[in-house]
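All chains are named by letter (A, B, ...) in the order of the sequence lines, taking the proteins before the strands, and each is independently numbered beginning at 1.
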There are 2 protein chains.
Amino acid sequence: MREREQEQSSANGPIYLRVRDQIADQIENGLLQPNSRLPSERVLAESNHTTRVTARLALAQLEAEGRIYRSNRRGWFVSPPRLVYNPTEDYSFSDNVVAQGRVPATETLDVTTIEANAWLAAKTGLAEGDPIVRLHRRRQIDGRSVLVENIYLNARRLPGIETFDFNRSLWKLMREHYGLELARKQIEMFPTALVDPQAEALGVNAGTAGLYVTRCSRDNEGCFVEFDEEFWLHDTLSIQVDVR
Amino acid sequence: MREREQEQSSANGPIYLRVRDQIADQIENGLLQPNSRLPSERVLAESNHTTRVTARLALAQLEAEGRIYRSNRRGWFVSPPRLVYNPTEDYSFSDNVVAQGRVPATETLDVTTIEANAWLAAKTGLAEGDPIVRLHRRRQIDGRSVLVENIYLNARRLPGIETFDFNRSLWKLMREHYGLELARKQIEMFPTALVDPQAEALGVNAGTAGLYVTRCSRDNEGCFVEFDEEFWLHDTLSIQVDVR
DNA sequence: TCGCTTATCTGGTATAGACCAGTTTGGCGA
DNA sequence: TCGCCAAACTGGTCTATACCAGATAAGCGA
């Protein structure tokens, strides 16, 4: 969408938009490569004859646009291209990342068996107290943590699921071991800021822009199988869905 | 998702998170109703024994979470509930808004016949130079502008389309007048900041968080019909899709 | 050469003001 | 009562500075 916009050069507008435009140009011209570090806030302020506060306004602007991201107390970096992601498909995160020429990684942070609370019961259709295996994972692209997720599995429908290696594809596991084909998915998503504990798990400040995605999957008899809740950094993905 | 989080009270954390929590509590407890105005930045700063800069940090946090929004130089307001929106369905915006107990409005800002440029040709499959009717609209919920959209219609597939009343449902028009059923949709969306000219059209500051949604629709013979490009304010919608 | 300490650099948070440009409101005059 | 204008108020932008905490790099000593 960018290329056809008449980017009105904000030469006479606020200083922070001037600084924004200057950095955005450098990114588009390839002077600043993906994942490379920007000059420090103090340097940006000085070289534009302004203060850190104003320089930070420009950086916040670029961050909101998804063009740069920050690494806590290390600096600002150019965002790499977004991962194309189709939440309606049952493919593996890892395969998808590899197919786009990137390097995936998954960390399993926690596996617990819990009982469905009111919120989960409403989302899944189970009764409160029904057993659920909760899986907490963090996923990375090229070494950057881009999402954390909570996966809630129907322990009755998937007996023994908690004994498997969760760093592999859950979808393959369901298909190969349980002979399961997912028949229905309800997907919900909206943009929001990441707050603790998700922000902390991703190593970003509370308030960083994110995308919240949930998926509820059922088998071909309508039985609840899996509820997935994902917290993505907002600049890391582009959702694409093809409906026929 | 909010209700089960252990909101660690940031009593000992940064001031701006304390202020954030205080306001968030007032919203959740109903002390601040949707669309009501918050105290001014200066009042918030004074009553928390801090400065406007810090108060604005707290407000920016809440804005990023989609809990409050701003109206230029008028103040900060509590965000009403998100509109549930299914971009895979062919229903009318207005009907959908009404069904959720809200009041819709649509303004047609511009209708022009143009020739497909390189970008449009790539998105639609048409050749460069093919005729396209471009429709530019702004849509409101309860008086608040929540999105602007550019609709690109295949002028050859929909002869005479530019003579109709575009404040009504395009989808009904296609169905009733052209006997058209849309067979395939390619949808793409990602969070990003709104910049000019979209920010200006919505009356928000450049850099306000948004959601960019595109839909490309074809008839049952694969012929391109409509390409829709929507710029939403990020706190106004929740995407829900049901796949079977 | 290796490991540890330390100095330096980074962004994170905060103060205390200032002026500007729109919005809203209150009061005055016709 | 109505319309207009001015005052008060709002957020938008900006300066100049300060201290903190974590990350990093430099340098020293074993």
Side-chain angles (χ1 to χ4, degrees), chain A residues 10-21 23 35-64 68-78 143-145 193-196 199-200 202-208, chain B residues 10-21 23 35-64 68-78 143-145 193-196 199-200 202-208:
Chain A
S10 49
N12 296 320
I15 299 176
Y16 77 92
L17 287 183
R18 264 186 23 220
V19 178
R20 185 220 85 99
D21 288 352
I23 298 173
N35 291 311
S36 68
R37 231 200 80 200
L38 270 62
S40 77
E41 295 177 358
R42 287 168 176 85
V43 170
L44 283 173
E46 264 193 80
S47 65
N48 287 282
H49 310 292
T50 182
T51 62
R52 259 186 81 202
V53 178
T54 303
R56 278 171 71 82
L57 267 186
L59 293 167
Q61 183 84 17
L62 290 159
E63 184 188 36
I68 64 175
Y69 65 94
R70 57 181 111 183
S71 179
N72 203 292
R73 280 173 232 270
R74 293 205 316 122
W76 296 84
F77 299 83
V78 178
R144 179 183 176 205
S145 295
L194 301 175
V195 294
D196 285 336
E200 198 185 350
L202 290 172
V204 298
N205 295 330
T208 300
Chain B
S10 48
N12 297 318
I15 298 174
Y16 77 93
L17 287 183
R18 264 188 21 223
V19 178
R20 185 218 84 99
D21 289 351
I23 298 173
N35 291 312
S36 68
R37 230 199 80 199
L38 271 63
S40 76
E41 296 178 356
R42 287 168 176 86
V43 170
L44 282 173
E46 263 194 83
S47 66
N48 286 283
H49 309 292
T50 182
T51 61
R52 258 186 83 200
V53 178
T54 303
R56 278 172 71 82
L57 268 185
L59 293 167
Q61 183 85 17
L62 290 159
E63 184 188 36
I68 64 175
Y69 65 94
R70 58 179 110 183
S71 178
N72 205 292
R73 280 172 232 269
R74 294 204 316 123
W76 296 85
F77 300 82
V78 178
R144 179 182 177 205
S145 294
L194 301 174
V195 294
D196 285 335
E200 199 186 350
L202 290 172
V204 299
N205 294 330
T208 300

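Note that CG of A/Asn205 and CD of B/Gln61 are 9.0 Å apart. Values are rounded to the nearest 0.5 Å. Considering CZ of B/Arg18 and CD1 of B/Ile23, their distance stands at 11.5 Å, rounded to 0.5 Å. Once rounded to the nearest 0.5 Å, the distance linking OG1 of A/Thr208 with CG of A/Leu194 reads 6.5 Å. Expressed to the nearest 0.5 Å, how far CZ of B/Arg52 lies from OG of B/Ser40 amounts to 8.5 Å.
Near DNA chain C, meaning a heavy atom under 4.0 Å from it, residues 45-57 of chain A has A/Arg52, A/Arg56 in order of number.
Look at OH on A/Tyr69: it is 14 Å from P on C/dG11, rounded to the nearest Å. Rounded to whole Å, the distance from CD on B/Glu41 to C1' on C/dA16 is 16 Å. Taking atom CZ of B/Arg18 as the reference point, atom P of C/dT13 lies 14 Å away to the nearest angstrom. Spacing between atom CZ of B/Arg20 and atom C1' of C/dT13 amounts to 17 Å, rounded to whole angstrom units. B/Asn205 places its CG atom 13 Å from the P atom of C/dT23, with the value rounded to the nearest Å. Nucleotide C/dG12 holds its C1' atom 11 Å from the CH2 atom of A/Trp76, rounded to whole Å.
Within the 4.0 Å cut-off from OP1 or OP2 of C/dA14, not a single side-chain nitrogen or oxygen of B/Tyr16 is found.
Cation-pi geometry between A/Arg70 and A/Phe77 is not satisfied (NZ or CZ under 6.0 Å from the ring centre, within 45° of the ring normal).
A 4.0 Å heavy-atom criterion places the boundary nucleotides of DNA chain D facing chain A at D/dT13 to D/dT24, written 5' to 3'.
A/Asp21 and A/Tyr16 are not linked by any side-chain donor-acceptor pair at a separation below 3.5 angstrom, with hydrogens and angles left out of the test. Residues B/Trp76 and B/Glu41 bring a donor and an acceptor atom of their side chains to less than 3.5 Å of each other.
Both B/Leu38 and A/Arg73 lie near DNA chain D, and the one whose nearest nucleotide falls closer to the 5' end is B/Leu38.
At a cut-off of 3.5 angstrom, the base of C/dG22 holds no donor-acceptor pair with the side chain of B/Arg74.
Here the side chain of B/Ser47 pairs a donor or acceptor atom with the backbone of B/Val43 at under 3.5 angstrom.
Smallest separation of non-hydrogen atoms from B/Leu202 and B/Ser145: CD2-CB, 3.8 Å.
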